[in-house]
Amino acid sequence: LAEALERLERMPPEALTYYQGMIDEVREGAKQAEVNGTPAEAVARAVHRALTDRRPRTRYFVGFDAHLINALRRVLTGPWFDRLIRATRR
């Protein structure tokens with residue numbers, strides 16, 4: 001995070017103006033993830049399991065949001081799922 005903030009400080013003013021909306025969205029997302037995100041310990045357990053499973057799976061879902069998205073991906077058609085993902089990224 002510190003490196004990213006340093007890079008922002010070094011950006012020319014016109015670049016900051018051009019990318020300010022995206023920068024604000026990323027900062028807000030990071031704040032929300034810090035409060036509502038999956039704990040690092042849960043991610044570490046999933047990584048450990050992936051590395052030690054006798055037959056590792058392609059994907060390991062960690063956290064409620066990942067399980068919810070996976071369930072929605074199974075029941076929605078491709079276009080509806082894509083539309084849902086796009087709507088949540090706004």
Side-chain angles (χ1 to χ4, degrees):
L1 180 62
E3 184 179 331
L5 294 174
E6 287 175 19
R7 287 181 182 210
L8 283 175
E9 289 175 7
R10 293 192 309 259
M11 285 179 73
E14 57 273 4
L16 280 174
T17 301
Y18 184 79
Y19 290 110
Q20 193 60 54
M22 188 182 303
I23 291 168
D24 293 343
E25 285 180 26
V26 170
R27 281 185 173 165
E28 183 58 33
K31 286 179 189 175
Q32 288 180 5
E34 187 175 16
V35 173
N36 303 322
T38 302
E41 294 81 13
V43 176
R45 282 193 302 273
V47 170
H48 180 265
R49 184 172 177 194
L51 293 172
T52 59
D53 274 356
R54 192 173 142 200
R55 287 191 220 150
R57 296 180 286 175
T58 304
R59 291 176 185 84
Y60 290 80
F61 298 101
V62 182
F64 175 77
D65 56 341
H67 289 282
L68 177 64
I69 289 171
N70 184 46
L72 289 172
R73 184 183 57 82
R74 291 176 180 201
V75 298
L76 294 175
T77 64
W80 276 104
F81 181 76
D82 293 343
R83 203 172 293 156
L84 174 69
I85 296 301
R86 274 195 306 271
T88 61
R89 295 290 175 211
R90 291 184 184 155

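Keep in mind it's a predicted model, so treat the numbers as computed, not measured. Reckoned from all heavy atoms, side chains included, excluding hydrogens, waters and symmetry mates.
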> After noting the C-alpha distance and the side-chain angles of Val35 and Lys31, does the key distance pass the side chain to side chain contact (heavy atoms under 4.5 Å, CB included) rule?
Replying inline: CA-CA 7 Å; Val35 173; Lys31 286 179 189 175; 5.9 Å; no

> If you measure from CG on Leu16 to CD1 on Ile23, what distance do you get to the nearest 0.5 Å?
Replying inline: 5.0 Å

>> Taking atom CD as the centre, does Glu34 end up with more than 12 heavy-atom neighbours from other residues, nucleotides or ligands that are less than 6.0 angstrom away?
In response: no

>> A side-chain contact here means heavy atoms from C-beta on lying under 4.5 Å apart; do Leu5 and Arg27 qualify?
In response: yes

> Atom CD of Glu25 and atom CE of Met22: how far apart are they, to the nearest 0.5 Å?
Replying inline: 7.5 Å

> Shortest non-hydrogen contact from Thr38 to Val43?
Replying inline: CG2-CG2, 4.2 Å

Identify all side-chain donor-acceptor contacts of residues 57-72 below 3.5 Å with residues at least two apart in sequence or on another chain.
residue: Tyr60; atom: OH; partner: Asp53; partner atom: OD2; Å: 2.9
residue: Tyr60; atom: OH; partner: Arg57; partner atom: N; Å: 3.0
residue: His67; atom: NE2; partner: Phe61; partner atom: O; Å: 3.3
residue: Asn70; atom: OD1; partner: Arg73; partner atom: NE; Å: 3.4
residue: Asn70; atom: OD1; partner: Arg73; partner atom: NH2; Å: 2.6

> Step by step, would you call Glu3 with Arg7 a salt bridge (charged side-chain N to carboxylate O under 4.0 Å, His left out)?
Replying inline: CA-CA 6 Å; Glu3 184 179 331; Arg7 287 181 182 210; 3.0 Å; yes

> Any idea which heavy atoms bring Ala50 and Pro56 closest together, and the distance?
Replying inline: O-CB, 3.6 Å

